[in-house]
Amino acid sequence: MNDTGKNALAEYKKIADVQVEATVARLEKEKKTRSYIPQSSYTLSYIREEVAAFFADYGITDCKPESLKMLVPPAHIDADLTVSVFEFSKMAKKAPAQLATEIAAHITGSAKKTYIVSAIGVNGYINFTLNRPKIFGHVVHMANALGRGYGQIDTYKGKVMVIDYSAPNIAKPFGVGHLRSTVIGQALANIYEAVGYSVVRDNHLGDWGTQFGSLIYAYQHWGDEAVVAANPIKELNNLYIHFNEVSKEDENLKAEARKIFARLEQGDSELVALWKKFSDVSLKEFQKTYDAFGVHFDVMLGESYFVTDFTKLLTELKDKGIAKVGDGGAVIVEGLGDLPIFLLQKADGSTLYILRDVVTFMFRRDTFHPDVILYVVGSEQKLNFRELFALCDAAGYSKGIKLAHVDFGLVLINGSKMSTRKGTLVNLDNVLEQIIAKAKEIVASKGDVAPEHIDATAKIIGTSALIYADLKQNRNSNIEFDWDKMLSLESGSSVYLQYTYVRIMSILTKSGVDIHALDTFATTPENLIFEDVSEFRLAFKLAFFSDALLRAMENNTPNIISIYLEELTAEFNHFYSKVSILKTEKAELKQSRLALLSAVATVIQNALAVLNIPVITKM
RNA sequence: GCUCCCGUAGUUCAAUGGAUAGAACAGGACUCUUCUAAGGUCUUGAUGAGGGUUCGAUUCCCCCCGGGAGCACCA
């Protein structure tokens, strides 16, 4: 690399270095001073402890409280809570049904019960009737006391997770496909943080590679500086599409593009300057999108950040017998597990994505010392990550670090993959614009929002619906892009959740109750009472929030949180239709109900926040 | 050709190997003199086909049929 080019790149990296330093400092600080809410302080933990103690008492010794599967039984079962004993059946050398019956009888007969009232064994399940008043008081008290912290736990405290998500490509529009990586990644980052991890959010921008050879070629031959300056992303994208059309006819163009990229990588100062220009305008555009969705990153380390001298790494991989020079001079990896042959370096000496990714991995490892690294990237790159992980493993680089590719299906158009090259990519900005316009129409016609707040409300409702549509589903299957579906604001979308929150806030406002007085009232669990079963069921649902967070984290599936939210809000709306809160006559019961509402609102807000969706107080 | 992913109600999606497979939209019947009806209640309706493992399979294995993606100088 020549000096001018080197300097230009070095200059560019300085901005990123500042972010890296700040993040390392933050990790250090969290290690020393971050405070956590112990998982053991939540209601469900008390119940778990009690059940586990009875299991041990009965003779099942290896039962860990936190691994007990506790669920609310299906509707046709008349019980508050159910625990299955199938997994203990073998160890106890008894049939599940018999085991459940015996343990249940043991529990019911014991005088040591606190949260449990009685138990019945059926078909391998132990169905519990719980001490409802005690549990109701405890849950509502906890939610009010912990507020925005409610749900957070310390299970993974001290662990570090690096998450690689969003990663749009420079000089290309931000497509609806990138939204998936962005919102799933952001949600996972929040979820990991909630269960105790320290998280590094990294936007691994696609700002390097042969495509820049193509783009620069196109710009130099057909580009008009003024036209590009007026509408950079669109025009650069047009040039890129044009290049791909022409190069289909003329193979030489692709060779030319590769040559240009090789020169760029060697630090040709003119080319580096062009690259930097493209990069700058793109980042500016992307930032608008991130602002709209409330997404933020700790570091934005694009691929260009990892352009270094790869000689040493390649030599090492060759010495370890993992890589070798193939026909024509390219560096290849052959016979790694059952993987097909793949390339690390091209014959002309320029690098490939996977090699830069190895370097990226080593940087993250040595800088942030993560326990886990998540790559939130579409499923079409599955093979590439298998290659990367296998390579790091074989070379002994990734010992003790869990690497996971969080993959997701493609957004298809007309049954096939969207393509920038073919110009079939649906621009996210267009979708966002339309859904906000639609939300505005609805808010203006049937909403209860002051005219000056309509725009802001519509913006939140619209962006939330887009985020939620992605986070609601966990499927690896592809999604056919459909405007109507994309713009859907019906129930079953985030609107239902936000509407529920609005209803609660409306009641709390109308009650005229001072929030502090309510908090003080809720400080004593014994003050908190209920009358209707729907109140207990609602409160008990709040006790499961941390469980949902844990499950979402362990499987890397944010949709667990969506499911939880939908169940919680449905439970509330059921309660709402049955009980008139403001007309409650007994003062203490009314206070309790308001405290319950406040608790539910808090959990809805916290759970939505994990999905990066804001609440609104009026709609 | 090889590898991977997906196939659930008319449609779009759920369901850590567990009890009677859940929602939403669409269809049918109710429900606002009552805290926001963007709500609530009831109702019609589904695991692509065939084998296997298991006390138990939408989930795991095999095979077939459909759809998609990937497979050396792209990322």
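What you see below is based on every heavy atom in this structure, not just the backbone, and it leaves out hydrogens, waters and symmetry mates. In the text below, chain A, chain B and the rest are named by the order of the sequence lines, each starting its count at 1.
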Engineer: What about A:Asn127, does its side chain sit under 3.5 Å from the base of B:A19 through a donor-acceptor pair?
Structural biologist: yes

Engineer: Roughly how many Å is it from CG in A:Asn478 to P in B:C13, rounded to a whole number?
Structural biologist: 10 Å

Engineer: Between B:G52 and B:U59, how many Å separate the two C1' atoms, rounded to a whole number?
Structural biologist: 15 Å

Engineer: Starting at atom NZ of A:Lys446, determine the distance to atom P of B:A37, rounded to an integer number of angstrom.
Structural biologist: 11 Å

Engineer: For a quick test of reading the model: is some side-chain N or O of A:Lys254 closer than 4.0 Å to OP1 or OP2 of B:C74?
Structural biologist: no

Engineer: Would A:Asp532 and A:Arg537 satisfy salt bridge (charged side-chain N to carboxylate O under 4.0 Å, His left out), going step by step from the backbone distance to the final call?
Structural biologist: CA-CA 9 Å; A:Asp532 195 273; A:Arg537 296 181 65 90; over 6 Å; no

Engineer: Under 3.5 Å, is there an N or O donor on one side and an acceptor on the other linking the side chain of A:Ser493 and the base of B:A38?
Structural biologist: no

Engineer: OP1 or OP2 of B:U36 versus the side-chain N and O atoms of A:Ser506: is any pair under 4.0 Å?
Structural biologist: yes

Engineer: Which is more 5' along RNA chain B, the nucleotide nearest A:Lys583 or the one nearest A:Glu303? Just name the residue.
Structural biologist: A:Lys583

Engineer: Under 4.0 angstrom, heavy atoms only, what part of the nucleic acid is A:Lys417 near: base, sugar-phosphate, or nothing?
Structural biologist: sugar-phosphate

Engineer: Give the rounded distance in Å between these two atoms: CZ of A:Phe544 and P of B:U16.
Structural biologist: 16 Å

Engineer: Considering just the side-chain nitrogens and oxygens of A:Lys382, establish if one lies under 4.0 Å of OP1 or OP2 belonging to B:C71.
Structural biologist: no

Engineer: To the nearest angstrom, how far is A:Lys472 atom NZ from B:A23 atom C1'?
Structural biologist: 7 Å

Engineer: List, one per line, each side-chain donor-acceptor pair under 3.5 Å for residues 250-259 of chain A, sequence neighbours excluded.
Structural biologist:
unit_1, atom_1, unit_2, atom_2, d
A:Asp250, OD1, A:Asn252, N, 3.0

Engineer: At under 4.0 Å, does any side-chain N or O of A:Tyr496 touch on OP1 or OP2 of B:G40?
Structural biologist: yes

Engineer: Do any side-chain nitrogens or oxygens of A:Asn123 fall under 4.0 Å of OP1 or OP2 in B:C55?
Structural biologist: no

Engineer: Please state whether the phosphate of B:A75, meaning OP1 or OP2, lies under 4.0 angstrom from any side-chain nitrogen or oxygen of A:Thr210.
Structural biologist: yes

Engineer: In whole Å, what is the span from the NZ atom of A:Lys346 to the P atom of B:A75?
Structural biologist: 6 Å

Engineer: Can you measure A:Asp407 atom CG to B:G68 atom P for me and round it to whole angstrom units?
Structural biologist: 19 Å

Engineer: Only distances under 3.5 Å count here; give the side-chain donor-acceptor pairs of residues 70-77 of chain A to other protein atoms, sequence neighbours excluded, each with its distance to 0.1 Å.
Structural biologist:
none

Engineer: Quote, to the nearest angstrom, the P distance that separates B:A24 from B:U41.
Structural biologist: 9 Å

